[in-house]
Number of protein chains: 2
Amino acid sequence: MGQPKIRNMEEFAAVSGISRPTVSKYFNDPDSVRRSTRAKIEAALEKHDYQPNVFAMNQNRRTTKNIGVVVPNLADPFFSEIGRRVELACIDAGYSPIILSSHGSAEMERDNLNSLRSLKPTGVLLAPFGRMSDKDFVRDFDDDFPLVLFDANINDVGQAFVGTDNFQSVDLMVEYLCRSGEPPCFFEMKSPTNPNANKRRQAYIESMERHGHTPRIFQAEGDGWDFEEIGSVQGGRLLSEQAFGTNTVLCSNDRLAIGMLSAAYGLGLRVGHGAGCDMRIAGHDDHPFSRYTCPPLTTIAQDYEAIANRAVSDLFGMLNDETWPESRPETLFEGRLIMRDSA
Amino acid sequence: MGQPKIRNMEEFAAVSGISRPTVSKYFNDPDSVRRSTRAKIEAALEKHDYQPNVFAMNQNRRTTKNIGVVVPNLADPFFSEIGRRVELACIDAGYSPIILSSHGSAEMERDNLNSLRSLKPTGVLLAPFGRMSDKDFVRDFDDDFPLVLFDANINDVGQAFVGTDNFQSVDLMVEYLCRSGEPPCFFEMKSPTNPNANKRRQAYIESMERHGHTPRIFQAEGDGWDFEEIGSVQGGRLLSEQAFGTNTVLCSNDRLAIGMLSAAYGLGLRVGHGAGCDMRIAGHDDHPFSRYTCPPLTTIAQDYEAIANRAVSDLFGMLNDETWPESRPETLFEGRLIMRDSA
DNA sequence: ATTAAAATTTTGCGCGCGTAAATTAAGGCA
DNA sequence: TGCCTTAATTTACGCGCGCAAAATTTTAAT
């Protein structure tokens with residue numbers, strides 16, 4: 001690297017023998033300058049490691065290269081996983097993702113969107129709280145920035161939605177459970193913080209009726225995000241009271257199921273579909289740890305990769321078209337049944 | 001809100017009847033202006049929702065309000081938990097934390113530090129890979145920015161370190177295990193990506209010798225971050241071969257232990273310290289899910305909260321003192337023994 | 001009331017870069 | 001070769017704000 005430290009684009013332009021604005025063009029899009037000047041610039045970059053001042057760059061730009069990514073709770077492995085993939089997809093596309101977790105609070109979801117506002121993002125990918133979100137606030141936000149929702153939908157908010165087809169996925173599970181044993185009851189939280197909970201309950205009811213069975217739903221008290229705790233304590237109480245009236249429990253998500261498995265173990269109940277088992281427990285989401293529960297959890301795998309990639313490509317598609325589509329496409333990926341030992 | 005949208009600080013200063021630079025001072029520190037002018041500004045803020053342009057602000061500032069936070073892998077609940085607490089502590093102190101995950105790659109750790117460089121952070125909190133980190137690179141980085149390491153130490157890098165005293169915590173566990181049953185062997189990865197692995201092995205060896213036992217170490221092949229998989233597959237193989245030569249296994253971290261518990265379950269081994277149990281398994285870290293394993297995992301709890309708070313306060317202390325301490329304080333918090341059923 | 005000292009506000013300037021308009025160079029065709 | 005079109009480059013200006021120094025006000029002390 002050259003000794004005389006380059007302090008700004010002016011100086012860098014000087015050493016590369018090009019005018020500053022042309023250098024500016026280069027940094028915005030290396031292909032927008034003549035091949036020969038590009039070579040000169042890149043030669044200079046070799047010896048003089050310079051990089052433009054981010055703040056000065058973004059100050060006057062019509063459009064930054066920032067992409068906001070907001071998820072409800074990074075501490076939940078589901079969101080940390082999908083957030084990671086979204087992040088990498090943005091980087092690959094040459095953008096700077098800014099990941100924000102709302103830490104389980106709808107209020108912080110607002111704060112996060114407000115913070116993003118001042119970063120003038122080119123677009124925003126939001127996994128909202130769903131019912132808990134401040135819908136009007138998010139709606140206002142999407143007037144100002146291209147917005148793609150993922151994981152949880154809010155009607156008519158954002159220019160696109162990408163997620164899992166809960167009706168398909170829950171039906172898949174219900175069908176499997178009915179075919180292979182007693183019809184399942186459904187275990188969930190009474191006031192779920194979880195965005196897709198309502199859809200899954202509805203899907204369970206419809207699916208059970210379609211299969212000619214009576215849906216039975218058990219709702220745990222409690223709020224917050226400590227699903228395993230709720231599944232363990234309240235699910236455990238229901239188990240010990242033998243309240244379910246069936247030997248098969250479908251949990252609204254894996255984290256509840258993980259808690260319930262732990263309670264079942266504590267009660268000495270043998271969970272599984274093999275001979276000599278007392279009951280079956282199934283989940284939904286294919287949580288990273290559900291492979292390692294005892295027994296391993298039968299569940300539905302959401303297609304993280306596909307959801308993340310589609311959300312990103314929907315957004316970038318919009319950005320390139322300039323015009324926001326009137327259609328508001330909703331893409332639903334199918335869940336896959338992951339058969340393990342618990343059900 | 002007033003109809004005529006405020007476009008910049010100039011206009012906002014006009015409607016509030018104060019000069020622009022004074023308004024600027026207010027936004028940098030509301031207490032630095034006279035009480036009466038502060039009232040005027042805040043009155044104007046009520047009606048004219050304005051907020052300064054972040055990019056213009058940071059462009060000329062000697063020191064931004066940005067704090068970089070870099071962790072090895074946000075998908076690991078340990079780091080997502082400690083990252084969350086660091087983030088909140090920074091916000092409370094009036095700073096803007098920027099959390100970056102290196103996604104398990106030392107190369108991306110470099111990229112992340114480079115990205116931070118251009119954001120001119122006031123300070124950086126780094127949980128490095130440890131042995132895997134590009135030490136020279138990090139060392140260079142700490143010439144330019146106040147840097148506090150946490151979780152994993154690198155000698156003489158950064159101005160302070162905060163973490164857990166692995167020698168104390170492992171000794172605590174070894175002492176407990178020896179007192180209550182057979183002395184433990186130690187299960188870890190051969191080439192651990194995990195930063196504290198080497199310290200823990202060393203601590204195990206010393207502690208066993210101090211207690212008059214022969215240390216026995218078993219190392220699993222494989223790299224990457226899929227610890228549960230490695231614990232399950234390789235730990236399971238060792239279990240089925242009865243290779244350990246003791247009924248008690250201390251795992252280098254909870255995620256390995258979770259995998260091994262899963263394998264033990266699959267093999268029909270009863271894990272626990274009660275009558276009729278075949279073996280004991282213990283971990284380290286009090287991973288969020290270790291309460292819900294079967295049986296619940298006996299482990300060492302690191303004091304997340306204390307580590308996060310101390311790392312942040314060390315950094316802010318440095319920032320206020322202006323002068324970086326020559327001492328490079330290293331703070332080690334004690335681990336707590338969490339006794340559950342697995343050992 | 002007078003004045004010095006301290007606190008606060010204002011004046012004036014420049015940061016590093018984006019971008020529209022003006023200029024120049026490159027490429028195509030007869 | 002000359003002319004024209006188009007692409008590339010340069011000129012000229014301004015963005016929104018931080019900050020040092022100057023001007024002013026307030027406070028404290030006599």
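These numbers come from the heavy atoms of this one structure, side chains and all, not from hydrogens, waters or symmetry mates. What you see is a predicted model; the values in this text were computed from it and never measured. Below, chains carry the letters A, B, ... as their sequence lines are ordered, and counting in each starts from 1.
- A distance-only check finds no donor-acceptor pair linking the side chain of A:E81 to the backbone of A:Y304 [under 3.5 Å].
- Using a 4.0 Å cut-off between charged nitrogen and carboxylate oxygen, A:R139 and A:D156 do not count as a salt-bridge pair.
- For the pair B:R35 CZ and D:dT25 C1', the computed distance is 18 Å after rounding to whole Å.
- The pair B:D314-B:R310 meets the salt-bridge criterion, since a charged nitrogen lies less than 4.0 angstrom from a carboxylate oxygen.
- Counting non-hydrogen atoms under 4.0 angstrom, B:R62 reaches the backbone sugars and phosphates but no base.
- Of the candidate nucleotides C:dG16, C:dT9, D:dT10, D:dT10 has the atom lying nearest to any side-chain atom of A:S19.
- When distances run from any side-chain atom of B:R34 to the nucleotides C:dG16, D:dG18, C:dT8, the shortest one goes to C:dT8.
- Comparing D:dT9, C:dC17, C:dT9 by their closest approach to the side chain of A:V33 singles out D:dT9.
- Between the base of C:dG16 and the side chain of A:Q59 there is a donor-acceptor pair shorter than 3.5 Å.
- The NZ-P distance, from B:K25 to D:dG18, rounds to 12 Å in whole Å.
- With the nearest nucleotide of DNA chain C identified for both A:R7 and B:P21, B:P21 has the one nearer the 5' end.
- The distance between atom CZ of B:F27 and atom C1' of C:dT9, rounded to the nearest whole Å, is 17 Å.
- The side chain of B:R20 lies closest to D:dG18, out of D:dG18, C:dC17, D:dT10.
- Atom C1' of nucleotide D:dG18 and atom CZ of B:F55 are separated by 17 Å, given to the nearest angstrom.
- Judged by distance alone with a 3.5 Å cut-off, no donor-acceptor contact links the side chain of B:N53 to the base of D:dC17.
- Here the side chain of B:S24 pairs no donor or acceptor atom with the backbone of B:R20 at under 3.5 angstrom.
- Rounding to whole angstrom units, CE of residue A:M9 and P of C:dG16 are separated by 11 Å.
- Among the heavy atoms of the strands lying under 4.0 Å from B:Y50 are primed sugar atoms or P, OP1, OP2 only; no base atom is included.
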